[in-house]
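Only one structure is covered here, and it is reproduced in the block below.
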2 protein chains.
Amino acid sequence: MPDPSNPTNRVMDVLNFLAAHPTERFSLAEIARHVGLSNGSAHRLLTTMAARRFLARHERHRTYSLGLALVAIGQAAIEQHRGIDIARRELARLALELGVQCSANALVDGEIVVLAREGTARSQLGLTRVGERRPLLPPVGLCHVAWSGPAAIDTYLAAARPHLDDALFGRLAEAIALVRRRGFAIAAKGLRAALGHDATWLPVDQVRDAAYWNAVFAMIGQLSPGEIQAFDLAEAAAAGVSHISAPVFAPSGSVAFQLVMSGLPSDLTAGQIAGHVERLCATAAQITSETHGRAPD
Amino acid sequence: MPDPSNPTNRVMDVLNFLAAHPTERFSLAEIARHVGLSNGSAHRLLTTMAARRFLARHERHRTYSLGLALVAIGQAAIEQHRGIDIARRELARLALELGVQCSANALVDGEIVVLAREGTARSQLGLTRVGERRPLLPPVGLCHVAWSGPAAIDTYLAAARPHLDDALFGRLAEAIALVRRRGFAIAAKGLRAALGHDATWLPVDQVRDAAYWNAVFAMIGQLSPGEIQAFDLAEAAAAGVSHISAPVFAPSGSVAFQLVMSGLPSDLTAGQIAGHVERLCATAAQITSETHGRAPD
DNA sequence: TCCATTCATTCCAATAATGGAATAAAACTT
DNA sequence: AAGTTTTATTCCATTATTGGAATGAATGGA
């Protein structure tokens with residue numbers, strides 16, 4: 001692996017930054033600051049991209065946003081990833097039949113990126129929008145990590161370590177092995193559920209400044225054991241289910257993306273929860289199969 | 001305008017190339033050749049992009065295609081361009097009510113890129129797929145050119161000049177002024193229609209080698225006057241309508257994208273054609289209005 | 001309305017990316 | 001199965017890009 005190409009990364013940084021804030025528009029200076037570019041470089045970069053409609057320039061406010069060329073490229077990308085289409089269809093069916101919210105997300109560049117969402121959320125909180133990005137931190141993303149190599153697992157654990165006490169950290173480490181063993185992840189609701197907050201709620205779509213990270217880390221520090229992972233379904237039934245997730249594998253054996261079911265009714269029995277888990281896992285397995293994926297050894 | 005940033009353009013070249021062939025996958029060497037890169041540069045570029053999932057690498061065949069990150073970016077781009085969503089909805093309605101095929105396309109990087117398509121085609125030919133790219137050459141793209149500055153118009157005319165005889169070329173030049181005056185473009189069917197070919201048919205989704213361009217230029221040389229532009233609707237009614245198109249304007253006064261209606265029944269009267277034109281223009285105007293666009297002075 | 005501040009744009013010395021050759025690894029052919 | 005061609009990857013001197021300062025334009029506040 002050769003040293004990465006910086007100019008190339010800069011282009012992707014700009015695109016990622018703009019995609020992470022799909023409703024906003026940014027000036028040259030703002031983009032330069034957030035992406036870590038000098039004004040001069042940002043100027044050439046942005047004008048070059050705007051000239052080819054990868055970015056749209058809004059003359060009136062001198063701001064930039066994602067351009068029309070990316071609409072077409074995104075559509076072309078979907079054609080390459082039939083699994084996304086299948087996931088949309090199947091998740092919509094699940095959402096309708098079970099009255100839950102379903103989504104699919106991938107790990108991109110160390111962040112969780114929402115690829116699809118079906119079903120309407122019960123609450124505003126935990127609402128995911130396609131294109132949104134969240135940090136890869138507990139309690140989310142276990143399915144992405146559990147089938148990765150030791151290096152990725154260590155990175156995940158190391159990021160969470162400073163914010164968890166020993167007991168919770170141990171549970172997280174165990175959870176990874178457990179998730180891989182049983183083939184899905186399930187998190188219970190925790191203390192915050194009483195406040196109308198779901199643990200999957202993380203500040204989103206805002207600039208990742210110190211205040212943002214403080215809020216995220218504070219949330220992680222307050223997790224209850226069950227929010228990290230429910231070790232059996234009875235535990236989940238007692239506290240209520242926060243979310244269930246299952247992996248879709250690529251042909252290479254890595255996790256292509258994960259399916260997430262959330263917004264479940266709070267009065268489910270352990271048996272009903274098992275049914276939901278079964279449905280989600282079956283859907284994930286079906287997509288894995290239809291896209292010629294396979295789980296790693 | 002500063003000299004463009006080459007490293008940035010290379011990234012966009014790769015993305016455009018892969019997006020132009022959404023069903024295929026390419027090796028490093030193929031991409032390097034088509035985009036005009038050295039193997040060394042291509043190697044670093046592709047591995048850098050694949051590392052961040054902008055490209056998907058298929059280990060088995062050592063090929064690359066568009067990655068999952070672009071799915072999310074494409075979705076985010078759609079959020080910025082509400083017009084695309086509105087166009088989808090309205091074009092679907094038009095397609096259903098009139099029994100025609102409708103699409104939207106934008107000018108990206110000197111090429112026509114299909115952004116949306118609604119309604120099923122009557123024939124396989126002229127079938128457009130979202131993400132597809134076609135050269136900006138007569139008889140398509142008049143709406144993109146007609147509201148542009150003299151420079152863009154000259155470029156368009158110059159590209160067509162070598163392949164048209166004097167009479168046809170004069171008609172094309174006139175057509176641009178006419179389209180701008182009346183606010184839409186309409187092309188009749190020509191000789192090729194009898195063979196089941198529409199003039200909008202152009203080789204697509206294949207590598208742009210010499211054979212490709214020969215086929216394209218040969219097609220242009222065989223255009224009939226009405227295929228370039230029907231100067232009145234009676235002319236269109238007599239030969240049958242190939243396609244109608246109307247521009248959607250951006251706030252800046254430039255053409256954001258154009259709407260195209262094709263696959264019309266061949267037995268329409270001039271009055272019925274006028275009705276179709278009216279519907280398409282009204283839709284375009286509505287989208288222009290809803291997205292705060294305006295026609296240039 | 002004027003001033004201060006922020007922002008966009010240009011320019012040049014310092015620096016990092018690039019092209020092309022060389023090497024190694026596949027893939028294909030005979 | 002061995003030879004031959006194509007492909008992927010590494011390396012280094014050449015060359016083009018970059019960061020930062022300076023300028024000019026525009027915005028917001030008093």
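Just so you know, these numbers come straight off a predicted model, no measurement behind them. Both backbone and side-chain heavy atoms feed into the values below; hydrogens, waters and symmetry mates do not. Each chain gets a letter, A, B and so on, in the order the sequences are listed, and its residues count up from 1.
Closest to the side chain of A:L28, out of C:dT18, C:dA8, D:dA8, is C:dA8. Picking from D:dT9, C:dA17, D:dA8 the nucleotide with the shortest atom distance to the side chain of B:H43 gives D:dT9. Closest contact between the side chain of B:R33 and the listed nucleotides D:dT7, C:dT10, D:dT10 involves D:dT7.
The stretch residues 57-68 of chain B touches DNA chain D through B:R57, B:R62, each having a heavy atom within less than 4.0 Å of the strand.
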Name the pairs: protein N/O against N/O of nucleotides 19-22 of chain C, kept only if under 3.5 Å.
residue	atom	partner	partner atom	Å
C:dG19	OP2	B:S38	OG	3.2
C:dG19	OP2	B:S41	OG	2.0

Donor-acceptor list for residues 67-79 of chain B side chains, cut-off 3.5 Å, not counting sequence neighbours:
none

Could you give the side-chain donor-acceptor pairs of residues 50-59 of chain A under 3.5 Å, partners two or more places apart or in another chain?
residue	atom	partner	partner atom	Å
A:R52	NE	B:D109	OD1	3.0
A:R52	NE	B:D109	OD2	3.0
A:R52	NH1	B:N9	O	3.3
A:R52	NH1	B:N9	OD1	3.0
A:R52	NH1	B:D13	OD1	2.8
A:R52	NH2	B:D13	OD1	2.8
A:R52	NH2	B:D109	OD2	2.5
A:R53	NH1	B:L107	O	3.0
A:R53	NH2	B:A256	O	3.1
A:R57	NE	A:E59	OE1	3.4
A:R57	NE	A:E59	OE2	3.1
A:R57	NH1	A:Y64	OH	2.8
A:H58	ND1	A:R25	NH1	3.3
A:H58	NE2	A:R25	NE	3.3
A:H58	NE2	A:S65	OG	2.9

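Atom CG in B:N9 sits about 18 Å away from atom P in C:dA17, given to the nearest Å. Atom CG in B:N6 sits roughly 9 Å away from atom P in C:dT18 (whole-Å rounding). B:H34 places its NE2 atom 11 Å from the P atom of D:dT7, with the value rounded to the nearest Å. Rounded to a whole Å, the CG atom of B:L45 is 8 Å from the P atom of C:dT18.
In terms of the ring-ring contact (aromatic ring centres under 6.0 Å, His included) criterion, residue partners of B:H163 (sequence neighbours excluded) are, by chain and number, B:F217. B:A160 pairs by the side chain to side chain contact (heavy atoms under 4.5 Å, CB included) definition with B:P138, B:L164, B:L172, not counting sequence neighbours.
Relative orientation of the B:F26 and B:H21 rings is perpendicular, given thresholds of 30° and 60° on the angle between their planes.
For the pair B:S289 (side chain) and B:A285 (backbone), a donor-acceptor distance under 3.5 Å is absent.
A heavy-atom distance below 4.5 Å is not found between the side chains of B:L259 and B:N105. Contact annotation: the side chain of A:I176 approaches that of A:L157 to within less than 4.5 Å [non-hydrogen atoms, C-beta and beyond].
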